[in-house]
Amino acid sequence: MNKTELIEHIAQHADISKAAATRALEATIGAVKTTLKKGGSVSLVGFGTFAVGKREARSGRNPRTGDAIKIKAAKVPKFRPGKALKDALN
């Protein structure tokens, strides 16, 4: 499912227009991004938790040349699924 299909699904099941569904989805994504950027986490009970993880600096190899390179430390988004989501899949 891509973003367009998700918007159509939201519009049908919430009985709202596609424009309203688009605004709702964009607002939700924006809220998650803003919270993660501030270092917080977003918990949706039954669905899961979005959080920020830290990846340490490390050395790697350039696959083309085989030269050693340094990879900078980075913040990465993480998602931990909730119990209800896990149960729905099994």
Side-chain angles (χ1 to χ4, degrees):
M1 177 180 277
N2 62 29
K3 190 174 181 180
T4 304
E5 293 168 340
L6 181 58
I7 289 169
E8 289 174 10
H9 182 81
I10 292 169
Q12 286 178 349
H13 286 79
D15 196 26
I16 58 176
S17 68
K18 284 186 185 179
T22 301
R23 288 192 304 273
L25 182 60
E26 291 294 334
T28 303
I29 292 170
V32 171
K33 281 183 189 177
T34 302
T35 303
L36 292 180
K37 196 177 268 192
K38 291 179 182 176
S41 65
V42 178
S43 295
L44 302 172
V45 176
F47 184 71
T49 302
F50 296 93
V52 178
K54 294 178 183 162
R55 187 180 300 157
E56 300 295 325
R58 62 193 193 279
S59 60
R61 295 233 171 252
N62 181 333
R64 247 182 222 191
T65 64
D67 295 339
I69 57 172
K70 291 185 179 183
I71 302 170
K72 296 190 290 185
K75 294 179 186 175
V76 293
K78 293 188 174 190
F79 177 74
R80 190 173 64 238
K83 185 177 183 324
L85 180 59
K86 289 180 192 175
D87 291 345
L89 300 177
N90 293 317

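- For S17, the side chain to side chain contact (heavy atoms under 4.5 Å, CB included) criterion is met by A19, A20, not counting sequence neighbours.
- Residue I69 holds its CD1 atom at 9.0 Å from OG of S59, rounded to the nearest 0.5 Å.
- For E26, the side chain to side chain contact (heavy atoms under 4.5 Å, CB included) test picks out K3, T22, with sequence neighbours left out.
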Name the atoms and distances for all side-chain donor-acceptor pairs under 3.5 Å in residues 33-44, with sequence neighbours left out.
residue, atom, partner, partner atom, Å
T34, OG1, G30, O, 2.8
T35, OG1, A31, O, 2.9
S43, OG, T49, OG1, 3.4

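- For residues 28-66, the ring pair (Phe, Tyr, Trp, His ring centres under 6.0 Å) pairs, not counting sequence neighbours, are F47-F79, F50-F79.
- Listed by first and then second residue, the salt bridge (Lys or Arg N to Asp or Glu O under 4.0 Å) pairs that reach into residues 45-56 come to none, sequence neighbours excluded.
- Residue K86 comes nearest to P81 through the heavy atom pair CE-O, 3.6 Å, listed as atom of the first residue, atom of the second, then distance.
- Scanning for side-chain hydrogen bond (donor to acceptor under 3.5 Å, both in side chains) contacts around E8 gives an empty result, with sequence neighbours left out.
- Every pair passing salt bridge (Lys or Arg N to Asp or Glu O under 4.0 Å) that includes a residue from residues 58-85 is listed here, sequence neighbours excluded: K83-D87.
- If you chain together ILVMFWY residues whose side-chain heavy atoms come under 4.5 Å of each other, L89 ends up in a group of its own.
- Side-chain atoms of H9 never come within 3.5 Å of backbone atoms of E5 as a donor-acceptor pair (strictly under, hydrogens ignored).
- Legend: ring pair (Phe, Tyr, Trp, His ring centres under 6.0 Å) pairs involving residues 14-41, not counting sequence neighbours: none detected.
- The ring pair (Phe, Tyr, Trp, His ring centres under 6.0 Å) contacts involving residues 22-46 comprise nothing, where partners must be two or more places apart or lie in separate chains.
- Other members of the cluster containing I16 are M1, L6, I7, I10, L25, I29, with ILVMFWY side chains joined at under 4.5 Å, either directly or via other members.
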